[in-house]
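Notes to accompany the following structure.
Ligands are counted one by one from 1 in listed order, and the atoms in each one are counted from 1 as well. Hydrogens, waters and symmetry mates play no part in the numbers below; they use all other heavy atoms, side chains included.
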Amino acid sequence: MSIFRSGLFKDKVAIVTGGGTGIGKAISEELLVLGARVVIASRNQDKVADAAKELCKLGDVTSFRCNIRKEEDVKTLVKNTLDKYGRIDYLVNNGGGQFPCPAADMSLKGWNAVIETNLTGTYLMSREVYNQYFKDHGGVVVNIIADMFRGFPMMSHTGAARAGVENITKSFAIEWAEQGVRVNCIAPGSTIYSPTAAANYSTEFAPFEHSRPGVPSKRLGTTQEVSSAVCFLLSPGSQFISGATLRVDGGGSLYSPLMWKIDEHKNIPSYSWDPYKSKL
Ligand code: ADE
């Protein structure tokens, strides 16, 4: 079960980029369960349409193809959402991507692609939703970033992009406050397990098992543990929070096993639920 009350997001409209897979899918599912109408957007038309077929068991969901790197695609996505639903209440900038590579070996093309998707894509989506709707009606933006607080070796491109997103979050939170817009970040640890994320990384660069000993909770996180934090930041319960980053990482970004030893334990059990069962 979602920890939030049923109907919390009734009549609200949310855009979730990358909303058909991994953490984005969990966010879409919880928003739908709580009564929101959800637009999921992704670069791949077939994949996002397939995801919508599953998600529509939970509520009103629409899929649109959109490459968030392309200004015209982004403008069209926001316009199509307004044409269909007449409003936008929430934007969750979750769509992104990266590939493991040492900085010294990275091509400029690869570097630029990751910066454009994660940083420029978030900028374009936020700007367009603001200009086409939030400017006159207010709204809430949540940006999904990553645990890059101590640098991000093998992922310097995404580390730079996500740090940039954390910074534009603060700028937009101030620039748009008067228009009733709040902007915050969620920073999931690399120990959030999802089949999509697992498929993206080779066993040679396995962020999951590799990073688990460095997490005070001594376990992987669930996509629902990220989603519940997103729902909180979208909800009126966080009305006085803007420009902030909430880390959802089991304390991993703070911890070094060299400073303090934490034995294996199961004292912070995971929170997960099946939205398709709880809906019945
Ligand atoms: N997910 C990953 N890359 C994307 C992109 N360029 N556009 C939309 N969703 C994405």
Side-chain angles (χ1 to χ4, degrees), residues 13-29 31 38-55 61-81 84 88 90-101 106-130 132 141-148 152 154-165 168 185-188 190 192 194-202 205 207 223 226-227 230:
V13 174
I15 299 179
V16 184
T17 62
T21 53
I23 288 172
K25 182 165 176 243
I27 296 167
S28 302
E29 287 167 342
L31 290 172
V38 177
V39 168
I40 59 172
S42 181
R43 214 172 16 167
N44 186 312
Q45 170 78 51
D46 293 342
K47 278 196 192 153
V48 78
D50 283 351
K53 269 188 212 142
E54 190 184 347
L55 290 167
V61 62
T62 301
S63 65
F64 288 122
R65 193 206 66 80
C66 171
N67 183 346
I68 55 172
R69 293 190 215 169
K70 301 239 157 76
E71 192 169 24
E72 282 315 308
D73 276 22
V74 169
K75 284 186 174 170
T76 306
L77 168 67
V78 176
K79 184 179 179 304
N80 285 341
T81 302
K84 169 132 199 198
I88 301 169
Y90 309 130
L91 168 63
V92 181
N93 282 308
N94 164 81
Q98 54 273 312
F99 54 91
C101 185
M106 208 178 287
S107 69
L108 181 60
K109 187 165 175 257
W111 170 272
N112 283 341
V114 172
I115 299 289
E116 278 172 26
T117 303
N118 296 285
L119 177 57
T120 312
T122 297
Y123 159 67
L124 287 174
M125 284 298 307
S126 306
R127 190 196 70 189
E128 274 316 302
V129 169
Y130 178 78
Q132 291 192 42
V141 182
V142 172
N143 296 321
I144 310 299
I145 55 170
D147 174 7
M148 45 62 204
F152 209 158
M154 291 288 280
M155 294 277 213
S156 55
H157 44 13
T158 212
R162 309 306 184 132
V165 170
I168 59 174
C185 289
I186 292 287
S190 48
I192 305 295
S194 79
T196 317
N200 271 345
Y201 299 108
S202 64
F205 185 81
T223 53
V226 179
S227 166
V230 172

State yes or no: are the ring centers of His157 and Phe99 separated by less than 6.0 Å? yes
Nearest non-hydrogen protein atom to atom 2 (C) of ligand 1, with distance, is Gly96 O, 3.3 Å
Non-hydrogen atoms of Gly97 versus ligand 1: any pair closer than 4.0 Å? no
Closest to atom 7 (N) of ligand 1 among protein heavy atoms sits Ile68 N, 2.9 Å
For Arg43, the salt bridge (charged side-chain N to carboxylate O under 4.0 Å, His left out) test, sequence neighbours excluded, returns none
One finds that the ligand 1 atoms under 4.0 Å from a non-hydrogen atom of Asn67 are 5 (C), 6 (N), 7 (N)
Requested in this report: Give a yes-or-no answer on whether the side chains of Gln132 and Arg127 include a donor-acceptor pair shorter than 3.5 Å.
Outcome: no
for atom 9 (N) of ligand 1, nearest protein heavy atom and its distance come out as Arg43 N, 3.7 Å
If the threshold is 4.0 Å, N to carboxylate O, is there a salt bridge linking Asp50 and Lys53? yes
request  = Answer yes or no for Thr17: is there a heavy-atom contact with ligand 1 below 4.0 Å?
outcome  = no
ask   = Would you say the side chains of Thr62 and Lys84 form a donor-acceptor pair under 3.5 Å?
value = yes
| Going by atom types alone, do Asn93 and Asn143 pair a side-chain donor with an acceptor below 3.5 Å? | yes
shortest atom 8 (C) of ligand 1-to-protein heavy-atom contact is with Cys66 O, 3.1 Å
Quick look: Thr117 vs ligand 1, heavy-atom contacts under 4.0 Å, and the answer is side chain
